[in-house]
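Remarks on the structure that follows.
Counting starts at 1 for both ligands and their atoms, in listed order. Every heavy atom of this structure was used, including side-chain atoms; hydrogens, water molecules and symmetry mates were not.
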Amino acid sequence: MFPFNIRPLTIGTFLAATMLLVLAMTPSAPDAWGFFGHRKINRMAVFTLPPEMLVFYKKNVDWLTDHAVDADNRRYSTKHEAPRHFLDLDRYGKRPFPNLPRNWSDALMQYYQYFYVNDHGDTLRLITSPIAEQTDSVAFNQRLFKKEKTTVSRKDFRGFFQHFVLPQYYEDGLMRIPCDSLAALLGNVPLHCREAFVVDTFSQHGILPYNLEQMLRRLTDAFVERDAKRILRHSADIGHYIADAHVPLHTTANYNGQLTGQDGLHAFWESRLPELFAEQEYDFWVGQSGFIDNPKAYFWDIVMQSNSLVDSVLAIERSLRNEFPPDRQLCNEYRNYVFVKIQCEDFARAYHERMGDMVESRMQAAIVAVGSAWYTAWVLAGQPDLSNLGDEAVTLPDSTDIELQKAVKGGQQLGRPH
Ligand SMILES: [Zn+2]
């Protein structure tokens, strides 16, 4: 049973509440994998490729390395970028999170919130029942209509959603829907609807695995068209997102340890540890990439594996905080002409050792997965000949690069940093 409730509220109150929520959720800014990690993963992924691809990727390995953090930089130019880097799985119950549809449009249909304003000026929310893979109908909060039950077929709901709601995904503000179409969807119940709208309360909590599927399609298209610049750009970006998916803290709302008094944990795990130990102690020769039969299942597996490590990432650091005196946890280090407080080497080494090979093995798995995604897109595109694709001009900055640099220089990150 899903909860039925009616929540009259005005649009004004609703917007004010949403603004407060957004402000309250804006945390301090840790980095993703750090420059070092992302660059290394994209670079090493090139060497997992078969010779037919290596001929093009090796020529452009420096470009792929340098652009490994473009996706992070894009957070300065659009608010839609930040959620592509994470997914707060723990918002959706317990592993394996059966209430979270693995299909993107199903997830949006389920977690979007549907409202209408009636003749009296009350804003009412329509509550929908959960949409699982095997669901073929969706129940809408029927108390509003004084009827026993208002059930809509999943097919009709999907048609409605794709026609009226989804095209507004990238638009700012409320997504408006026609009252008569909403009433028709619900079997012409008397809604007395003056206006109706939908609010996206889903995307802000992360869309990482859904975005990976979309990126794979884009990269495949770029191969089909043999568009060298787009192949490079989408390769660098999917490399970044896949690397993020391998980081446990990219799969939890407690992404910086901020909910458990462990602030700074994000950069500690994914930047400080690799910077200190990767070059000397990690092995980055990880073998060959392979074809991904079922991209959706593959990307979700990565995210679920990462999530299964969250408890250890938190618990081990917590126990070390209790063991180490505070003045041996954070040290001053001179960087870029200023002193910064950063985890002391002894403290970092203790964390590194107690986690075993966790960071190293997540980096290794990321390298194979990035190479495999590139390889899969190429195979799906019919294995186009890359031997004489592109020339040096391909790697020169174009208008996209220039716009991005401008946004980073003048800007502020939009949405949640990580
Ligand atoms: Zn990222």
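- Between Y210 and W104, the ring-plane angle classifies as parallel under the 30° and 60° cut-offs.
- Taken from CD1 in I367 to CG in N42, the straight-line distance is 9.5 Å, to the nearest 0.5 Å.
- The closest approach of D72 to the Zn ion (ligand 1), by N/O/S atoms, is made by OD1.
- Evaluation of the ring pair (Phe, Tyr, Trp, His ring centres under 6.0 Å) test over residues 302-349, restricted to residues two or more places apart or in two chains, returns F268-F347, F324-F347, Y334-F339.
- To the nearest 10 degrees, the Zn ion (ligand 1) sees ND1 of H85 and NE2 of H240 at an angle of 90°.
- Counting only residues at least two apart or on different chains, the disulfide (SG to SG under 2.5 Å) pairs with a member in residues 258-359 are C331-C344.
- Closest approach between the Zn ion (ligand 1) and any N/O/S atom of D244 involves OD2.
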